[in-house]
Each structure stands twice: as C-alpha cells, then as structure tokens.
Amino acid sequence: MLRALSGLTTRGRCLLAAGVAAAACSFVLNERDLLRVAVFVVALPLLVAYFISATRLKLGAARALRPDRVSVGSPGEVQLELWRNGRLPAGEVLLEDGVPYALGSRPRFVVERLPHDRRVALRYPLQPVLRGIQQVGPLRATITDPFGLCEFERELIGHSRLVVVPKVAGLWGLPSGAGIGAGDDGSIRLHAGQGESDVIVRQYRQGDDLRKVHWRSTARRDEIMVRVEERPWRGGTTVLLDHRAAAHHGTGPAASLEWAVSFAASVSLHLRRSGHRVRLITEHGQTLADTPGEGGEHYDNVVLDVLAALQPAHQRDITLGHDPAEGQELIAVLGTVSNESVHELSRYRPRGIRSLAVLLDTPGWSSGVNRPETRAAATEESVALLRAAGWGVVVAGPGSPMPQVWAELCQTATRRGTLIGGGL
C-alpha cells in the first residue's frame, strides 16, 4: 500500500490531508456527518492509488523499427503495440518514446481507454538527419486517473538499435581504364575476336618481349601493341577516407566530415557494384572494410554499417609508413592536409600506379561559400603539391554535387593519361 501511496499527485495528497483534518475536526466537534465526509475524502485517493497501481502492472508493449537500417534523409517509422492483461479496467495512459534529436521530435500519445481484448497500434515517423548508431527508447507509460489524484510511471520497453547509414549518391562511369588494377599507362581492354579470349593490350615500349605482340590489335591501330596477359580485368581499388577531426570544419549534418563519409560510401558501393574489389581504409592505413567485387547487398551493408559507426579521429597529421593501397589504385577523400601529410601520402606511392584525390576545401564549410576564387591558400598549396607528386586532384566545396565531383575525377584521370579505356 505504501508503494501505491507514492503515486499520489499534489492534488491527491491535498485531498488526503483534507480528509484527515476533517476526521480530526469531527471528533472535536462531535459531528458524525463531517466524519462520513472525511471517510469518503480519505478513501477516494487511497482507492484510486490502489487501482492505478494494479493497472500499471498489467500493461505490455512492443516496438518494431521499419526498417532497422535507414539512410540519412530517408523516412523511417516506428510501430508500437500496447495491451493490458486481465479484465481490470485501465485509466488514461500517456506514452512517451525516447527519440534522439538526430531522428526527429519526441512522440507522445494519449490512450484514454485501453481495451482488454485487443492491442492498440500506434506509429510515428522518423526523419534521420545525422548518421550513427542511434538508440530509440525507452518507452515510458504514465497511468493516471480521470480526477488527477494519482499517477504512476513505468518503463514498458528499453532501447532499440537503429543504424543510420550515410546517404549514397548515384554515380555513373569509371575513371578511364578503372579495374585494370596495375596502373600502367595506356592499358586497354579489347575484344580480340570471336573464339578468342578478351585480352588487355597497350602500346609497345622499348624492352618489351616481341613474343607478346598482339598482331590483330597492331594491324587495327597501325602501331605495335603488346599483350598484358598477367593483368586481371577486375582489379582492386583502395578508397582512403580522412576522418581526422582536425582536418574538417562544420558541425552536425552540414559538416565537411559528413560530406566526406557520404562520398566515400558512394564511391565504394559504385566500384563494388561495377565488379571491383574495394578496400576502404582510414588515413592511417587501418582497414575498415574489404569487399570482393562479387556478392549481393550484404557487402554494401558491411561498408555502410562501418561508416555509420565511424567517429572522428583525434590525430593531428597523417602517418602511414607504407603504401596505404598496397599496390592498388588509390582514391583518397581528404580534408585539410598539411605539407607533411601530403609528403606522407606521396612518398610510398609508386609513380606508375594511379592515385586520385578529392580534396575538400574545408574552410568553405565554415563560411558556406563554394567558389574557386575564395578557396583557402592552404587548399591551393595542397593541390599543387599533390599534382606535383603525380596525383589527379579535384577540389570539392560545400554544396558540391557528388556525381559532378566524381565525373570531374574520372575526367582528371583521363586527362592525366594514367589509364585509357574501360569504364561503364
């Protein structure tokens, strides 16, 4: 009974105190009618408290997330079911589900009469604006009576896990010759003819074995072409994501880091769906995901789940000590990089293997201005250093469309002549 009394509201406690005072006055004044009123006034909050306390123990609920993995900006939905066990009538039930600010507003429901023979279905939308592993809940119920004399809170459901993955942009095309996996200039994939396996050929270079001359291609192109039979058609690509907190500007969904994560996810999925083995790494060479070129959506989810949980790193500079791509083609998504970091990225990369970079003009994310003439001097210096080291570089600012940045990156690879042919 003492636990039931703990749920009395201020109104209920005042009514109980008034009833006790009236009972005391009835004894002093010898008024039996006043005593009857006092008994009623005292009994009312006590009975209500007992009734609401018993009702609270009979409630049950279930929660379902539809879907349990959603991308930033895509709508989601939470479905709730509420029921009570037994035939004991239930008072008014107020429901409140815990929703982080990154998923939308916190929903509240009022169920005035909860039937005992069926479940009450409730639902509310989710609008995720920031990637991450979000926790929905707990679902709390507040049971009250019509007089407002008593109320009890109860946690019906704990937390449910919702994975908010980065938004993926649709990309088209590949850097010229993507997938060769070797980085030799001028490599081409040709259909050699009916009954003959596809071969990869390139222009003849001094010292090449003349036994590897591909005569059909030589006759067709009117220049000596040699076979590169050891080169696999479906090669691998390494995507490097710079997620240092010091390298990015902005906060929340509009931060440069969020753009970088979304672009890295888009590139990784686009390459994998095009038949490439994709290796996703950090700026320190740590492997986040390694997906083959074959397979279904499972491998896409591996990449997206890893990026959803990725948190900013606290290191100031890029430190590698080895080739981060391990001989594969490299596409780096970089924030602000110092001269030392550019040197660290370039010193271990062989000149003959393609290296591409999307360099974010991160100060633009603070000012909100995306114009070439307003780019920071440090950004222009980093671009010059990377290009001098043989990299193909594209600068992206706030609001830069990802398909356009990707198209410029493909054109940059073609212009620099790192690889010719291929693509979608």
Side-chain angles (χ1 to χ4, degrees), residues 7 9 52-148 150-169 251-255 258-259 261-262 265 297 300-301 304-311:
T9 62
I52 298 299
S53 177
T55 301
R56 178 184 60 150
L57 303 177
K58 301 295 183 179
L59 292 180
R63 180 198 295 123
L65 304 180
R66 299 286 186 270
D68 58 0
R69 177 188 286 104
V70 63
S71 64
V72 173
S74 299
E77 187 179 72
V78 177
Q79 298 177 356
L80 299 174
E81 285 188 342
L82 186 67
W83 67 87
R84 64 183 176 92
N85 301 315
R87 296 183 175 274
L88 187 64
E92 186 179 71
V93 180
L94 288 77
L95 295 176
E96 182 178 16
D97 208 2
V99 175
Y101 78 94
L103 297 180
S105 58
R106 180 167 295 184
R108 294 179 174 86
F109 301 95
V110 177
V111 181
E112 295 184 353
R113 295 178 181 176
L114 190 61
H116 71 275
D117 56 346
R118 63 181 177 87
R119 300 187 175 194
V120 174
L122 305 169
R123 61 183 62 190
Y124 63 89
L126 295 177
Q127 294 290 338
V129 297
L130 189 65
R131 65 177 178 86
I133 309 299
Q134 305 290 352
Q135 299 293 336
V136 178
L139 177 65
R140 299 184 182 277
T142 303
I143 301 95
T144 62
D145 67 284
F147 304 104
C150 185
E151 66 178 21
F152 285 95
E153 288 189 0
R154 180 187 172 190
E155 182 177 312
L156 299 180
I157 312 175
H159 293 90
S160 297
R161 183 173 179 265
L162 177 67
V163 180
V164 182
V165 301
K167 186 176 182 180
V168 176
T251 58
E258 298 306 314
W259 194 98
V261 170
S262 183
E297 294 183 359
D300 292 352
N301 292 336
L304 293 175
D305 288 353
V306 166
L307 291 177
L310 189 68
Q311 297 297 320

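Worth knowing before you read on, the calculation uses all heavy atoms, side chains too, and leaves out hydrogens, waters and symmetry mates. Since the structure is predicted, the reported quantities are computational estimates derived from the model, not experimental observations.
- Without hydrogens or angle criteria, S262 side chain to K167 main chain gives a donor-acceptor distance under 3.5 Å.
- Although no hydrogens or angles enter the test, the distance criterion places no donor-acceptor pair under 3.5 Å between the side chain of R154 and the main chain of I143.
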Begin from the C-alpha positions of L307 and R131 and carry the test side-chain contact (heavy atoms from CB on, under 4.5 Å) through to its verdict. CA-CA 8 Å; L307 291 177; R131 65 177 178 86; 5.8 Å; no

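- The side-chain heavy atoms of V168 and L304, taken from C-beta on, include a pair separated by under 4.5 Å.
- Using a 4.5 Å heavy-atom threshold, the side chains of V72 and V164 count as touching.
- Contact record, L130 with G252: CD1-C, 3.8 Å, taken as the closest heavy-atom pair.
- If you take NE2 on H159 and CG on L139, they are separated by 11.0 Å, rounding to the nearest 0.5 Å.
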Please determine whether side-chain contact (heavy atoms from CB on, under 4.5 Å) holds for the pair L126 and V70, giving the CA-CA distance in whole Å, both sets of side-chain angles, and the decisive distance to 0.1 Å. CA-CA 10 Å; L126 295 177; V70 63; over 6 Å; no

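- The nearest pair of heavy atoms linking S71 to P128 is O-CG, 3.8 Å.
- A side chain to side chain donor-acceptor pair (under 3.5 Å) check over residues 99-109, counting only residues at least two apart or in different chains, returns the pairs E96-R108.
- Distance check: L310 CG to E258 CD gives 9.0 Å after rounding to the nearest 0.5 Å.
- Distance check: L82 CG to F109 CZ gives 10.5 Å after rounding to the nearest 0.5 Å.
- One finds the CZ atom of R63 at 12.0 Å from the CG atom of L122 (value rounded to the nearest 0.5 Å).
- Closest approach of Q127 and G73 over heavy atoms only: OE1-O, 4.4 Å.
- Closest approach of A308 and V163 over heavy atoms only: CB-CG1, 3.9 Å.
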Trace of the side-chain contact (heavy atoms from CB on, under 4.5 Å) decision for V93 with V120: CA-CA 12 Å; V93 180; V120 174; over 6 Å; no

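- Summarising the geometry, atom CG belonging to D68 is positioned 8.5 Å from atom CZ belonging to R161; distances are rounded to the nearest 0.5 Å.
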Decide yes or no on side-chain contact (heavy atoms from CB on, under 4.5 Å) for L156 and L95, but give the supporting numbers first. CA-CA 9 Å; L156 299 180; L95 295 176; 3.9 Å; yes

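- Smallest separation of non-hydrogen atoms from A102 and Q134: CB-NE2, 3.8 Å.
- Note that CH2 of W83 is 10.0 Å distant from CG of L59, once rounded to the nearest 0.5 Å.
- A salt bridge links R123 and E77; the closest N-O separation between the charged side-chain nitrogens and carboxylate oxygens is under 4.0 Å.
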